Protein chains: 2
Amino acid sequence: MKIGQLSELTGLSIDTLRYYEKIGLIEPPYRKSGQRLYDPDAVRWIDFLKALKATGMSLEDMKRYALMRAKGNATAANRRVMLETQHALVLKRIEELNACAALLDYKIANYHDIEARHEQADNRRNAR
Amino acid sequence: MKIGQLSELTGLSIDTLRYYEKIGLIEPPYRKSGQRLYDPDAVRWIDFLKALKATGMSLEDMKRYALMRAKGNATAANRRVMLETQHALVLKRIEELNACAALLDYKIANYHDIEARHEQADNRRNAR
DNA sequence: CTACGGGCTGGAGTGCGGTTCAGGTCAAGC
DNA sequence: GCTTGACCTGAACCGCACTCCAGCCCGTAG
């Protein structure tokens, strides 16, 4: 498929796809008269990249992973370790977000209290 | 307290504190012969800013919040809505991260399988 | 044959969130 | 009174992850 289609399927812009190729995240695909023609498997790889990115991994680290992947089975253990590290980071981040959510809850409850008190005050004023 | 102490207490660099003041996140404090002297309450406000930031809120949005806060009680309801919006975003983000964690788990399990199979192959080779 | 849509390149530009720097001022301790 | 260390300002600079652009090529449809 051509780059436009890949862009549609993955949700990454054409520019981003070319950029990812340039920095080594995507293997340079076969070309026909200059134009990139991608294997359908590219979609799955890019979806995985998107997932890694969603975990907060930097493009730099993703590139390291991609490089190891290209080198084949000998790097499997190292890749696993990378994923495990990232997994731990994700769990940590989730914890952090849970804490933030709790704080927001607390603050929001406070605002509700404040608003309720103001309403009471208004009611008293209107009753006079 | 002086800016150095505030920096220690909040974990933000002196530069960042001055930057936050410049963009309107922190009220310009009282000064004595040019030097900023902060009220201890500043720590609590900055900790709150850090929490908002940890939720992924942009400095721009935090500034909007700070501006409303400075305007007093009349803005309480709007501020509450902002926090509620942010709360919803945090929950969504947590969901996303959970999904990513699950994918990583799956991939890691795959790698374990692959490594186990390689080990078996090695064992067979050594047995010959 | 020509117009058009899509793709190509290299390189410059963008937005965010700071960080660093040059060139000072000020206050406290020795 | 001099040194030291913390602090001041405005402006330039940084890394990341894109994003856009000019000017080109190519294949297909009308």
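Residue numbers begin at 1 in each chain, while the letters A, B, ... track the order of the sequences. It should be emphasised that the depicted structure is a prediction, and the values quoted were computed from it without experimental measurement.
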If the threshold is 4.0 Å, N to carboxylate O, is there a salt bridge linking B/Glu21 and B/Arg18? no
> Between A/Arg31 and C/dT9, does any side-chain N or O lie under 4.0 Å from OP1 or OP2?
Replying inline: yes
On the 0 to 90° scale, with breaks at 30° and 60°, tag the B/Tyr65-A/Tyr111 ring pair as parallel, tilted or perpendicular.
perpendicular
Hey, is the side chain of B/Arg36 poking within less than 4.0 Å of OP1 or OP2 on D/dC8, counting only N and O atoms?
yes
Note to self: Categorize B/Arg18 for me: base, sugar-phosphate, or nothing, with a 4.0 angstrom heavy-atom threshold over every strand shown.
What the structure shows: base
Mind checking B/Ile14 for me? I need base, sugar-phosphate or nothing, with any heavy atom below 4.0 Å counting as a touch.
sugar-phosphate
Next on the checklist: Looking at A/Ser58, I'd like to know whether one of its side-chain N or O atoms comes within less than 4.0 Å of OP1 or OP2 on D/dC16.
Outcome noted: no
Check: With respect to the phosphate group of C/dG18, does any side-chain polar atom (N or O) of B/Ser13 fall under 4.0 Å of OP1 or OP2?
Finding: no
From NZ of A/Lys22 across to C1' of C/dC8 the rounded distance in Å is 13 Å
Between CG of B/Leu17 and C1' of C/dT20 the distance, given in whole Å, is 16 Å
note: B/Tyr19, atom OH; D/dC7, atom P; distance rounded to Å ~ 21 Å
Which of C/dC8, C/dA27, C/dG18 is nearest the side chain of B/Leu59? It is C/dG18
Side-chain N or O of A/Lys53 closer than 4.0 Å to phosphate OP1/OP2 of D/dC18: yes
B/Met57 atom CE is separated from C/dC16 atom C1', nearest whole Å, by 16 Å
For C/dG17, take OP1 and OP2 only and decide whether either is under 4.0 Å from a side-chain N or O of B/Thr16. no
Between A/Gln35 and A/Asp15, the residue closer to the 5' end of DNA chain C by nearest nucleotide is A/Gln35
Taken to the nearest whole Å, CD1/B/Ile3 to P/C/dT19 is 13 Å
Checklist entry - Is there a donor-acceptor pair under 3.5 Å between the side chain of B/Glu115 and the backbone N or O of B/His112? => result no
Distance col, row B/Met82:CE vs B/Met62:CE, nearest 0.5 angstrom, shows 9.5 Å
When rounded to whole Å, the NZ to P distance for the pair B/Lys2 and C/dA27 reads 9 Å
If the threshold is 4.0 Å, N to carboxylate O, is there a salt bridge linking B/Glu96 and B/Lys92? no
In whole angstroms, the gap separating P of D/dC8 from CG of B/Leu37 amounts to 9 Å
note: B/Lys32, atom NZ; C/dC26, atom P; distance rounded to Å ~ 14 Å
Which of C/dG7, D/dC18, C/dG18 is nearest the side chain of B/Tyr20? It is C/dG18
